[in-house]
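Step one of this worksheet: look at the structure below.
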Amino acid sequence: MTDNEIIHEVLSGNKDAFALIMDKYHNELFKYVYNMTGNVETTEDLLQEIFMKLYQSLSDFDPNKASFRTWMYRIAMYHTYNYYNRKTVKHIDEYIEVDLSLLTADEDIMDDVIKEDQLNRILDIIKKILKPKHQKIMLLHFLSGLTVKEISETLDIPDKTIYKAIKTSIEKIKKEVQSDG
Amino acid sequence: MAKLNRPIDKETMEASKQRTMAFIMDEIERERIPVFRHILHALFRPKRLAVLASAIVIALLIIFNPGGSGNPGNDNPNYQISAETSDQLAELSYISSHLVTMEMSVSDTDLMFLADTETTALEDNMTDFNQYFDMLKVYLDDNSFSESTTFTTLTDSEYQYQIEFNQDDLTYTLLLNEEEDNTFTGIMTLDGVTLNVTGTIEENNNESHFEFEATNGTDEVYIEYETEADNEESEKAFSIHTNINGNESNKDISVEKESDEWKVEIGHNQDRYELKKELEDGVWQYKLEYQVNGKNGEARITETVDSEGNPAYNYRISEEGVNRNIEVGKPDFAGRGNNPNNNQDDENNSSNPNNDDDTPGNKPDDIPNNNTNQSYDDIIDPAPAYTL
């Protein structure tokens with residue numbers, strides 16, 4: 001079944017069909033949220049809230065405006081961004097060495113995991129130096145599996161603008177890393 | 001696959017998946033969506049308040065109290081605007097801007113459709129309160145104005161000083177001249193809106209006192225502001241009188257910080273609200289206690305998003321035996337999302353000096369606040385099972 005067919009089922013009264021959506025997208029969303037939080041319990045709590053939000057908002061989803069996946073990410077992104085924006089940033093060693101090649105990783109090394117402290121440091125820098133709009137773009141760029149085109153659809157921002165925001169943000173992050181080093 | 005991934009054990013993730021799916025399906029089973037929800041949704045989609053439909057020009061006139069002209073705590077008799085006072089000026093600009101906008105939007109409410117349902121006094125006053133909350137939670141979040149405020153002495157401008165600060169994605173700029181002791185004039189710009197500003201400040205060691213009147217000739221905001229701080233405690237008190245669109249209103253707002261915990265109290269005519277921020281089950285929640293229209297109640301407020309991804313607030317209200325769970329859109333505010341200059345791509349937005357973001361303006365970041373009036377179309381359950 002396609003996403004739209006599943007949603008139609010749910011809205012037609014077959015609530016159990018929502019389990020298919022969760023089964024399909026749980027791990028993908030889990031990784032995105034966990035990449036941000038670094039905490040399994042917090043991730044689980046946030047995911048439960050996100051899935052409830054998705055379920056309660058299903059009647060608002062318009063397949064003519066966006067794919068279900070990018071609509072889902074929009075809700076997940078705002079929900080997790082609120083968490084990211086509110087949480088107290090732990091003191092992170094400014095002298096943690098960040099591998100700058102991570103920031104411009106190509107497709108070949110996307111599957112690699114990086115050290116916790118490096119990711120925490122990058123998230124800390126994003127929060128510290130980027131404006132909220134660019135924070136959201138970079139969090140999706142780094143932590144989700146969305147392509148630039150999908151980020152564009154999720155945020156309803158032209159992809160050209162997303163490309164430029166990513167480029168300038170990475171330059172800023174690199175500059176910050178190098179100034180700390 | 002994302003570009004930056006934390007290591008995660010697959011079994012842990014799978015176990016979490018099973019718990020989450022079981023939890024959600026259980027919740028879905030227990031959820032009872034009111035039949036009228038969809039009807040309300042169709043009839044009462046949030047309206048966008050056209051706050052910027054016309055430019056607002058507000059003159060802020062700060063009236064110096066002659067009786068308080070002495071400044072014993074300041075060795076310099078020619079007291080000037082300084083980096084030390086810029087935080088308070090930023091704070092006052094923020095509060096006064098919100099108040100003016102708040103008064104404008106209060107008259108544009110459409111909550112009457114709930115009159116024949118069982119509602120709480122808080123919901124009846126939600127237009128006011130939601131805007132108070134949105135304005136004042138900056139204190140509960142401990143988002144210090146000083147962290148985002150920059151003070152600059154200008155040498156090549158008609159103004160002597162520039163104070164710039166950011167709150168909630170908005171950039172405020174104050175350009176000021178000192179007129180005489182403790183008195184200044186200037187302008188404030190906020191994403192396309194310009195305000196004329198005059199004012200005075202008194203400072204004495206850890207205490208500051210301001211009086212100011214904001215007016216555009218017909219509308220006015222008058223605020224007396226006092227603040228006192230030491231290492232452990234901080235207290236701010238705003239006594240406010242507004243006359244907007246011919247509607248007069250009195251408000252008292254106090255903000256206290258003790259042992260790293262903030263408390264905000266609001267008095268609006270006869271109504272009283274007390275706000276705190278508490279950590280519950282690992283999630284920060286705002287706790288409200290209130291007395292409104294003679295009724296006492298409590299509410300837990302959490303930040304959430306609506307189905308369009310716009311920020312919203314979830315209120316779990318318990319008022320004299322009535323429990324309600326509602327979602328209210330974040331209120332609109334001058335400059336947020338309605339500025340046509342802020343709806344362009346990078347290459348085109350340089351005409352707006354306040355828009356230095358590279359992203360286009362309007363969606364979704366810039367219009368999280370188009371839910372000007374309360375969006376009751378997302379009523380989840382009129383009688384949810386929860387414990388306050």
Side-chain angles (χ1 to χ4, degrees), chain A residues 15-16 18-19 22-23 26-27 30-32 34-35 38 40-45 47-49 51-53 55-57 59-61 74-75 77-79 82 86 102 105 110-114 116 119 122 131-134 136-137 141-145 155-158 160-162 164-165 168, chain B residues 1-10 12-21 23-25 27-29 31 33 37-38 41 141-142 166 168-169 281-284 302-312 327 345-347 356-366 368 377-378 380:
Chain A
K15 297 176 181 179
D16 291 343
F18 191 69
M22 289 192 287
D23 185 54
H26 176 276
N27 288 1
F30 186 97
K31 286 174 185 172
Y32 166 62
Y34 180 70
N35 282 339
V40 172
E41 283 188 6
T42 303
T43 300
E44 190 169 314
D45 288 344
L47 263 190
Q48 289 177 358
E49 292 164 7
F51 277 124
M52 275 311 293
K53 189 77 193 174
Y55 173 76
Q56 289 163 345
S57 306
S59 59
D60 297 331
F61 169 63
R74 177 179 290 193
I75 288 178
M77 185 274 295
Y78 274 98
H79 205 83
N82 282 338
R86 285 203 308 267
L102 292 170
M110 275 185 178
D111 288 349
D112 288 349
V113 295
I114 68 170
E116 289 272 312
L119 181 47
I122 291 169
K131 295 175 182 178
K133 285 178 189 173
H134 285 194
K136 290 166 189 152
I137 291 171
H141 174 67
F142 281 143
L143 307 183
S144 81
L155 297 176
D156 203 6
I157 292 173
K160 183 180 67 173
T161 308
I162 300 288
K164 183 174 178 181
T168 56
Chain B
M1 193 71 180
K3 291 176 176 53
L4 304 179
N5 290 289
R6 295 179 194 274
I8 177 69
D9 176 56
K10 285 185 179 177
T12 301
M13 186 163 62
E14 193 59 35
S16 178
K17 178 180 179 178
Q18 297 308 320
R19 286 193 298 271
T20 293
M21 289 183 64
F23 173 81
I24 297 296
M25 296 315 294
E27 286 294 303
I28 288 173
E29 277 302 309
E31 188 181 45
I33 301 176
R37 180 186 170 209
H38 297 294
H41 186 273
D141 293 341
D142 207 7
N166 294 289
D168 205 11
D169 290 3
D281 298 331
V283 178
W284 283 105
T302 52
E303 291 180 290
T304 181
V305 289
D306 64 18
S307 57
E308 295 294 317
N310 299 318
E327 190 169 289
D345 207 344
D346 305 3
E347 288 73 21
D356 54 358
D357 251 348
D358 286 333
T359 45
N362 232 357
K363 207 49 177 163
D365 293 313
D366 277 353
D377 51 355
D378 276 329
I380 297 166

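Computed from a prediction, not measured in an experiment: that's the story for all the values here. Order of the sequence lines fixes the chain letters, A, B, ..., with proteins taken first and strands second; residue numbering starts at 1 for each chain.
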Rounded to the nearest 0.5 angstrom, the CE-OG1 distance for A:Met52 and B:Thr20 is 12.5 Å
Exercise. Please examine the side chains of A:His26 and B:Met21, heavy atoms only from C-beta on, and report whether any two atoms are closer than 4.5 Å.
Key: no
The interface call for B:Thr12 against chain A, heavy-atom contacts under 4.5 Å, is side chain
Heavy-atom closest pair (A:Phe30 atom, B:Ser16 atom, distance to 0.1 Å) is CE1-OG, 3.4 Å
Scanning both residues in full, the closest heavy-atom pair of B:Glu327 with A:Lys53 reads OE1-NZ, 2.6 Å
Between B:Arg6 and A:Leu119 the two heavy atoms that sit nearest each other are CG-CD2, 3.3 Å
Separation between CD1 (B:Ile24) and CZ (A:Phe51), nearest 0.5 Å, reads 7.5 Å
Problem set entry | Flag side-chain contact, heavy atom, 4.5 Å: B:Glu14 against A:Asn27 | yes
Verdict with supporting geometry, A:Asp16 and B:Glu29, side-chain contact (heavy atoms from CB on, under 4.5 Å)
CA-CA 9 Å; A:Asp16 291 343; B:Glu29 277 302 309; 4.3 Å; yes
Separation between OH (A:Tyr34) and CG (B:Asn5), nearest 0.5 Å, reads 11.0 Å
Residue pair A:Val40 / B:Asp9, side-chain heavy-atom distance below 4.5 Å: no
Shortest non-hydrogen pair, A:Met22 vs B:Lys17, comes out as O-CE, 4.3 Å
Q) side-chain contact (heavy atoms from CB on, under 4.5 Å) between A:Glu44 and B:Arg19: does it pass, once the steps are laid out? A) CA-CA 9 Å; A:Glu44 190 169 314; B:Arg19 286 193 298 271; 2.7 Å; yes
Would you find more than 12 non-hydrogen atoms of other residues, nucleotides or ligands less than 6.0 Å from B:Gln18 atom CD? yes
